[in-house]
Amino acid sequence: LLSTDSQILERCYTQYFAYNNANCPVLLSSTQYGYYTLTPPTGSVSATSYVLRAVAVGNQTKDTDCEKFSIDQTGNRTATNQAGASNPSCWGS
């Protein structure tokens, strides 16, 4: 989900020279399939930058190794476990 929204924002920037253009349909605050909630805090998407975040919900919270994910406009991807420690293996290869 985050990778898809990131790609949408990159296409938006290419077309409108801003990530926060009103014509950019990004799923910024919804729950997809009951596994994660996408919740960027206020200001996470601006004209020149963004940080998208996903937090496990429901049954997905049982995966304590990969609880939170984020991606930004530079492609920097992070993931943390339930204790808040970094876990890069959550993103896979």
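- The heavy-atom pair separating N87 from S89 by the smallest distance is OD1-OG, 2.7 Å.
- Counting only heavy atoms from C-beta outward, the side chains of L52 and L2 approach each other to under 4.5 Å.
- Of all non-hydrogen atoms in S3 and W91, the two that sit nearest each other are OG-CZ3, 3.7 Å.
- Note that CG of D72 is 11.0 Å distant from CZ of R77, once rounded to the nearest 0.5 Å.
- Applying the side chain to side chain contact (heavy atoms under 4.5 Å, CB included) criterion to Q7, with sequence neighbours excluded, gives R11.
- Y36 approaches C66 most closely through the heavy-atom pair OH-O, 3.8 Å.
- Residues passing the side chain to side chain donor-acceptor pair (under 3.5 Å) test with N20, sequence neighbours excluded: none.
- S49 places no side-chain N or O within 3.5 Å of a backbone atom of S46 that could act as its donor or acceptor partner.
- A search for side chain to side chain contact (heavy atoms under 4.5 Å, CB included) contacts involving T78 returns S70, N76, not counting sequence neighbours.
- The two residues A18 and C12 make their nearest non-hydrogen contact at O-SG, 3.3 Å.
- Taking CD of Q60 as the reference point, atom OG1 of T37 lies at 11.0 Å (rounded to 0.5 Å).
- In terms of heavy-atom proximity, N81 sits nearest to E67 at O-OE1, 3.9 Å.
- For the residue pair Y50 / S6, a side-chain donor-acceptor distance below 3.5 Å is found, with atom types taken as modelled.
- In terms of heavy-atom proximity, K68 sits nearest to V55 at CG-CG2, 4.2 Å.
- With hydrogens and angles left out, the side-chain atoms of Q73 and Y19 include no donor and acceptor closer than 3.5 Å.
- Here the straight-line distance linking atom OH of Y16 with atom SG of C24 works out to 6.5 Å at 0.5 Å rounding.
- Considering CG of N59 and OH of Y35, their distance stands at 8.0 Å, rounded to 0.5 Å.
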